[in-house]
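What follows is one structure encoded as structure tokens, with my remarks underneath.
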Amino acid sequence: MILALLGLLNWWNRKNAYRSLNSLPSPPRHWLLGNLPQVLLAVRQKKYFQFLFDWSRKLGPIYVYWIGAQPILALSKPRAIEETIINGMKDGSLVRSHQIRDAWNDASGGAVIIGQDGKEWQWRRMAWNPEFSSSGLSKHIDIIDQACTQVIEKIRATPSGETILVDPLFVELTMRVTCCLVLGIPLHPKISSTEGPPLEVEKVYEAMSVISYRFLRIATGEKKWQKYLPTQLARDYWRAIAYLESFLASRLDLALKLRDNTQSEEIPITPMFRESMLVKIIAKEPQYNRSNLVSEIAGFLLAGTDTTAHTLSFATAQLSLNPRVLDKARSLVDQVGENLKELNYIRSIVKETMRLYPVAAGSTSLEATRDTVIEGIKVPRGTRVFWSMWAAGRDPDTYTNPEEFLPERWLEEGKDNHDLPFIQFGSGYHRCLGEPLAMIEATMMLAKLLRYFEWELVNGGASLENLQQNLLVYPSDRMPLRFRLR
Ligand code: HEM
């Protein structure tokens, strides 16, 4: 009885603290639960992104919804989102919500860049930045090229006209590239290396799926200690972490041995492993050890596999539905080949795909650490801030003819147009570490597909309509295409 009264009092206090937000548009809500039932239903139906998008359309560019007495301020203008993240994190009035940070760290089995802030974030980010920068990646272009060629060979080996699900092909591509660059694992499945086990794409993917499901559960309220309960979900989680540890262990131990051994030149390793990011990072960053590297690399696989893969799937569909863009892109590739410097138009196809189909639609939210002002609105301490990436990408005041697929909008006299906001890789300090890698992979893969094949979208426009969201937004049908050699 006393507990119930205390709960009610707490609820009442919170309701009063957030009174200033009552003047904002808000979807109809239950007096006690707020919009929690609608949100839970949307998450269960895997349509949360659609839900936020629909609310933005109905309620305008800034509105509030409620999880019980907890308000969430939702934004949907790209500039407002960008400036809110950058300024709020700079002056400390906004921090990334602890629930999402906990979810990243806990699901990955330990601390990861994306789940850290302050000094713990800084040393990690400083260590990896040079390797993942465009210039750092320039020495690995051949590897990315070979990985894309492997995809081309797989399609070629399939009888002409047979349906191929391209999403899993792109998953394999992105996972192989990350594992090759970060861990020095040979790209080709038949080539083994002495440093550790080969990459078994399906097994790693299965482990990543278990981990991302755990991320979702923690982000939506499951407690961290629940992983210690004797449930099937907890057992699946521990099995996934154990598998990843066993997959990574020998390479991590070897890289640590290279760091700690003064005669490391004498330890026999392949040139690919010596050149891997792992060996380079460990050599210069003593704060990394076996345990925090397992989680960091699990985090990279989580952040860098499906994101680029689904983006590529959406891009192939968009090209199929937009013959004008397809013809222009193909004649460019026929002229300049796969020379990345000449492929600005293909890069703009990737960006335009991401504007309309932002896969990472809900990776972060912010929390006000003190009373603050956002877009002229008084926002009390404790308010969460979230945004609809889908509404932002389709904002008519920012992007003319927002529903049209117009890659040209990203170019100005053939060069990148920096005047348009591009927030699909995030904003501010935590903007995506893998952005240059994702752009190179996607550009090169599309250029090769255009060069060698014609393709047809088996399910037509439905492939872009039937979308679902777990951690990321993805095509439910895994994007079936029929290829024909040109
Ligand atoms: C199309 C592909 C991709 C998209 C749409 C994407 C999206 C994002 C977004 C929105 C964030 C910001 C999250 C936040 O603010 O908390 C982010 C962060 C991050 N991404 Fe990506 N990403 C992609 C590819 C990659 C790749 C290929 C990698 C690496 C292999 C990667 C690694 C990371 C990491 C480590 C962070 C955390 C950065 C930090 O906290 O400082 N991402 N990504």
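Counting convention: from 1, in listed order, for ligands and their atoms alike. The first residue of the sequence shown is numbered 1, and numbering continues consecutively from there.
Nearest residue to atom 32 (C) of ligand 1 from A361, S97, A303 is A303 (criterion: closest heavy atom).
Ligand 1 has at least one atom lying under 4.0 Å from a heavy atom of M354. For the ligand labelled ligand 1, residue W128 lies outside the 4.0 Å heavy-atom shell.
Judged by a 6.0 Å distance limit and a 45° cone about the ring axis, R355 is positioned over the six-membered ring of Y399. Note that R239 lies outside the cation-pi zone of Y243, set by a 6.0 Å cut-off to the ring centre and a 45° limit from the axis. Geometrically, R394 engages Y357 in a cation-pi contact defined by less than 6.0 Å to the ring centre and at most 45° from the axis. Relative to the ring axis of Y345, K328 places its NZ or CZ within 45° and under 6.0 Å from the centre.
The parts of H430 lying near ligand 1 are both backbone and side chain, judged by heavy-atom distances below 4.0 Å. Only the side chain of T364 comes within contact range of ligand 1, with a heavy atom under 4.0 Å; no backbone atom does. Here T311 has side-chain heavy atoms under 4.0 Å from ligand 1, and that is the only part of it that gets that close.
Remark: ligand 1 atoms within the under-4.0 Å shell around heavy atoms of Q424 are 5 (C), 7 (C), 10 (C). Of all atoms in ligand 1, numbered sequentially from 1 with element shown, those under 4.0 Å from a heavy atom of G304 are 25 (C), 26 (C), 27 (C), 28 (C), 30 (C). For ligand 1 and G426, the ligand atoms under 4.0 Å from any heavy atom of the residue are 10 (C). In the vicinity of I113, heavy-atom distances shorter than 4.0 Å reach the ligand 1 atoms 38 (C), 39 (C), 40 (O), 41 (O).
Relative ring orientation between F132 and W128 is described as tilted, the plane-to-plane angle lying within the 30° to 60° band. Between W455 and F483, the angle of the ring planes lies from 30° to 60°, which puts this pair in the tilted group. Ring geometry for F49 against W390 counts as tilted: the plane angle lies between 30° and 60°, on a 0 to 90° scale. Note: W55 and Y65 have tilted aromatic rings, judged against thresholds of 30 and 60 degrees for the angle between ring planes. Ring pair H310/Y474 is tilted by interplanar angle, where 30° to 60° counts as tilted.
The shortest N/O to N/O separation between T178 and ligand 1 does not fall below 3.5 Å. Distances between N or O atoms of R125 and those of ligand 1 include at least one value under 3.5 Å. Considering backbone and side-chain N/O atoms, R96 comes within less than 3.5 Å of an N/O atom of ligand 1. Considering both main-chain and side-chain atoms, T307 never comes within under 3.5 Å of ligand 1 through any nitrogen or oxygen pair.
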